[in-house]
There are 4 protein chains.
Amino acid sequence: MADTDPIREQLAAARRNQILDAAAQVFAAKGFHRATTREIAQAAGVSEGTIYNYFGGKADLPAGIVMRLADLESLDAELLEALRGDVRAFFVAMFRHRAHRIEQSEEMLRAILPEVLVNPDLRDRFRADFVLRIATLLEEYVRVRVAHGDLRPVDPELVTRGVQGMFVGLLVLRILGDETLIERWDEMPEVCATLLFDGLVPEGGRR
Amino acid sequence: MADTDPIREQLAAARRNQILDAAAQVFAAKGFHRATTREIAQAAGVSEGTIYNYFGGKADLPAGIVMRLADLESLDAELLEALRGDVRAFFVAMFRHRAHRIEQSEEMLRAILPEVLVNPDLRDRFRADFVLRIATLLEEYVRVRVAHGDLRPVDPELVTRGVQGMFVGLLVLRILGDETLIERWDEMPEVCATLLFDGLVPEGGRR
Amino acid sequence: MADTDPIREQLAAARRNQILDAAAQVFAAKGFHRATTREIAQAAGVSEGTIYNYFGGKADLPAGIVMRLADLESLDAELLEALRGDVRAFFVAMFRHRAHRIEQSEEMLRAILPEVLVNPDLRDRFRADFVLRIATLLEEYVRVRVAHGDLRPVDPELVTRGVQGMFVGLLVLRILGDETLIERWDEMPEVCATLLFDGLVPEGGRR
Amino acid sequence: MADTDPIREQLAAARRNQILDAAAQVFAAKGFHRATTREIAQAAGVSEGTIYNYFGGKADLPAGIVMRLADLESLDAELLEALRGDVRAFFVAMFRHRAHRIEQSEEMLRAILPEVLVNPDLRDRFRADFVLRIATLLEEYVRVRVAHGDLRPVDPELVTRGVQGMFVGLLVLRILGDETLIERWDEMPEVCATLLFDGLVPEGGRR
DNA sequence: CATGAATGAGCATTCATTCAT
DNA sequence: AATGAATGAATGCTCATTCAT
């Protein structure tokens, strides 16, 4: 009777995921507004009513997708390791990490990004869960490395925006269907790291 | 009676723009799907029916906005001038140019980008009119400069994606409401140019 | 353009009445909740959408019906005349008046009464527009007549409730389908007047 | 295994009452249609499914409530006693009896009356169980008393409608929220008896 | 050309009912 | 008997589009 029944809990979580997966798939294919609850239900293999047993309504589905994506956003061990190593290696690792996550979650991101851009609530949540979470980390990293002289004396705040902008922009270009980008995606981390990092080495490094 | 009556033509063009401006404004505020033709008509100061005298329907409005934006996309004299000058100066000029256009057209872009991401027809048109037009130019520029040894021997195709990604990404971060980015927008061209360009100079340039 | 265009105004009022008539008819036949907007639209000979051009929604229809009924609730000349005449004659006139109005508006009343009993907003409006409006008048009349010795020294407030109760109750019995009451409805005013009034004459009148 | 197992029977009856009480409570608060089976189940402390083990469906609940109310409708000893006494005393007793029952069962009546007015089956059942049962008794009483000269020579059939109308009407005014009526409810039997009865005494009684 | 009332297809949402456990 | 997750038919409402004036 309590909502802590572990079995019920598990089943409910499974249903939620089942529905969110279906929703993401349909949103990605047709956009949030053109997707109907009927389609989502069909894609999930449940009835329309069932959606409402697990979510407040259609409008809650993108938020649910964002939340699930955010849960994945833990920095993995590999990246944490790179934090302490060579600066350029960190940049490469970070780009690899981001590129991997983007590739992995592209359907989800394609599904929600347009709606995120348009829905104020979702926008705030997305900014908090993704943009800021990563920005803060990156900004701090840049600040420290600049102080240590490992990086050129740039403005950490703005540089972070530039770097994140590149992440986000590449995602958008993928969504827009840039074939070159999709085909050669695996080469992008190296290219990006080169583009950005080599501009970040201190002047002294150039001598 | 002919459709080449210059006065009629002019009036019709004015009406079209009046409606597109209103549509862009409403789309920017509420998104394409949440905007109603009634609102757009009100914002434009015309009746709903009038919209249908100038456009096939609501779905044609984003395309109309894209088309108008594309008309603005002529490379202005300043930029063309920079093409032939110092490489770094060109990068700064290009970023300034882009940043300015983004700032100038933000409402329009905010209005259509989410729909562009979701509507295949619009997506193709947008890619052709914006992404590819600039990409092609930039790619060629990089190719030439690399051949001349003015730039490090990078892959022009991928580098172009990186640079354009940064443009697009910064626009998206603005739309997402990043306050720092909006407040310090004028500093971004310099920062971006530094970030990217200094990574593009040939190794020899570092000595 | 102003909402004071007399022709538009007239047409709009006609449509509103057309819709309210249809709604009353359907509500009377099936009750508020079992009536669908589709049915109402069909009965009114308009499309569903048109209902929403004239009313906020289904829930506004009973309120509209109440309002129209209230507009009819002006005391007619006949009754005002009776106010100044013989007391018993006034009671007969009043009961005739009420009985007539009930008979006349039975469909409307049958349509809304069940919903009035259940919907707080509607209930308050109904009480204010019908019950209290008549109660106040009647109470004052009784008070004056009691002071003049034309009526037995009763409590005007409670007597008014009793009299109005009888009005309302007879309406309800009609709605419940009491055949005797419906068949012999024309005799009720006399019967009611006898029942109530002869109990209101002062003791002295019995000698 | 037999359905005459007395213990099983008792438990089942208890469950039925438990559910009907909950239903009456929820119907009274929100009306039949706005009440959901989920709410009723919660109020009854059972699951939704259980309701269907004891009733055919939601539609059967009002009938169940009416039936239980009807079971209470036995004329109690006091009233039977009054039948044989003084005529005026009988009227007072009858009004007291009715007023008491109305007060006692107001929640149930408020719960079902709106639905009774709208649902044909329920309407017939209600009329048979309540209106007619009392009407028949009262009509016969009046007929006898008129024959004996204890009452003025009125039409028993119509007078009965008038009296019952007052009962029903006062209930409706209570449901409508007439504060005076609720506050001074205990005084109403006397007032009503005076109103009605003194008009029923034979002319001779006035001397 | 402009208007805006009318249209009705389309959709999210609700909720009585079922049935496997 | 009891449960409550799943169901899906039913319905109120929106809004792009049409067209008579």
Side-chain angles (χ1 to χ4, degrees), chain A residues 1 5 7-8 11-12 14-15 19 33-42 44-61, chain B residues 8 11-12 15 32-42 44-61, chain C residues 1 5 7-8 11-12 14-15 19 33-42 44-61, chain D residues 8 11-12 15 32-42 44-61:
Chain A
M1 206 163 276
D5 178 337
I7 293 179
R8 262 199 208 320
L11 288 174
R15 269 272 191 280
I19 292 168
H33 290 279
R34 276 180 264 265
T36 68
T37 50
R38 207 186 300 267
E39 276 174 305
I40 296 168
Q42 271 176 352
V46 300
S47 74
E48 277 187 81
T50 297
I51 294 175
Y52 292 85
N53 289 335
Y54 292 90
F55 297 92
K58 186 188 175 187
D60 288 358
L61 295 176
Chain B
R8 223 181 259 301
L11 286 174
R15 264 294 148 74
F32 176 75
H33 289 278
R34 278 180 263 263
T36 67
T37 51
R38 186 187 302 240
E39 278 173 305
I40 295 168
Q42 272 178 350
V46 299
S47 75
E48 282 187 77
T50 298
I51 295 175
Y52 290 83
N53 289 330
Y54 293 90
F55 297 92
K58 186 189 177 187
D60 289 358
L61 295 176
Chain C
M1 206 161 276
D5 178 339
I7 294 179
R8 262 198 209 321
L11 287 174
R15 268 271 191 282
I19 292 168
H33 290 278
R34 276 180 264 264
T36 68
T37 51
R38 214 182 299 271
E39 275 175 306
I40 296 168
Q42 271 177 352
V46 299
S47 75
E48 275 189 82
T50 297
I51 295 176
Y52 292 85
N53 288 335
Y54 293 90
F55 297 92
K58 186 187 173 188
D60 288 358
L61 295 176
Chain D
R8 222 181 258 302
L11 286 174
R15 266 291 149 75
F32 176 74
H33 289 278
R34 277 180 263 263
T36 66
T37 51
R38 186 187 302 240
E39 278 173 305
I40 295 167
Q42 272 178 349
V46 299
S47 74
E48 284 187 75
T50 298
I51 295 175
Y52 290 83
N53 289 332
Y54 292 91
F55 297 92
K58 185 189 175 187
D60 290 356
L61 296 176

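Excluded from the calculations below are hydrogen atoms, water molecules and symmetry mates; all remaining heavy atoms, backbone and side chain alike, are included. Order of the sequence lines fixes the chain letters, A, B, ..., with proteins taken first and strands second; residue numbering starts at 1 for each chain.
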[X] [atom1] - [N] [atom2] separation (whole Å):
{"X": "B/Ile51", "N": "F/dC15", "atom1": "CD1", "atom2": "P", "answer": "14 Å"}
{"X": "B/Lys58", "N": "F/dC15", "atom1": "NZ", "atom2": "C1'", "answer": "8 Å"}
{"X": "A/Ile7", "N": "F/dG4", "atom1": "CD1", "atom2": "P", "answer": "14 Å"}
{"X": "D/Glu39", "N": "F/dG4", "atom1": "CD", "atom2": "C1'", "answer": "17 Å"}
{"X": "B/Ile40", "N": "F/dT14", "atom1": "CD1", "atom2": "P", "answer": "18 Å"}
{"X": "A/His33", "N": "F/dT14", "atom1": "NE2", "atom2": "P", "answer": "16 Å"}
{"X": "D/Phe55", "N": "E/dA16", "atom1": "CZ", "atom2": "P", "answer": "15 Å"}
{"X": "A/Arg8", "N": "F/dA5", "atom1": "CZ", "atom2": "C1'", "answer": "8 Å"}

What is the nucleic acid contact for [X], judged by heavy atoms within less than 4.0 Å: base, sugar-phosphate only, or nothing?
{"X": "C/Gly49", "answer": "base"}
{"X": "C/Ala41", "answer": "nothing"}
{"X": "D/Ala12", "answer": "nothing"}

Pairing partner (Watson-Crick or G-U wobble, both distances under 3.5 angstrom) of F/dT11: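 Paired with F/dT11, as far as the under-3.5 Å criterion goes, is E/dA12.
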Any strand: nucleotide that pairs with F/dA2 via Watson-Crick or wobble, under 3.5 Å: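 Across any shown strand, F/dA2 pairs with E/dT21.
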Please determine whether a side-chain nitrogen or oxygen atom of [X] lies at a distance below 4.0 Å from atom OP1 or OP2 of [N].
{"X": "D/Arg38", "N": "E/dT14", "answer": "no"}
{"X": "C/Tyr54", "N": "E/dA6", "answer": "yes"}
{"X": "D/Thr37", "N": "E/dC15", "answer": "no"}
{"X": "C/Ser47", "N": "E/dG8", "answer": "no"}

Upstream residue (5' side of DNA chain E) when A/Gly56 and D/Asn53 are each assigned their closest nucleotide: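 Result of the comparison: A/Gly56.
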Toward the 5' end of DNA chain E, by each residue's nearest nucleotide, A/Thr36 or C/Val46: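 Nearest nucleotide further toward 5': that of C/Val46.
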Neighbour count above 12 (heavy atom, 6.0 Å) for B/Arg34 CZ: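 Yes, CZ of B/Arg34 has more than 12 neighbouring heavy atoms, counting only those of other groups under 6.0 Å.
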Nearest-nucleotide 5' precedence on DNA chain F, B/Ala59 against C/Tyr52: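 Mapping each residue to its closest nucleotide by heavy atoms, the 5'-most match is C/Tyr52.
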Nearest-nucleotide comparison on DNA chain F, the residue closer to the 5′ end among D/Thr50 and A/Arg15: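 Looking at DNA chain F, the more 5' nearest nucleotide goes with D/Thr50.
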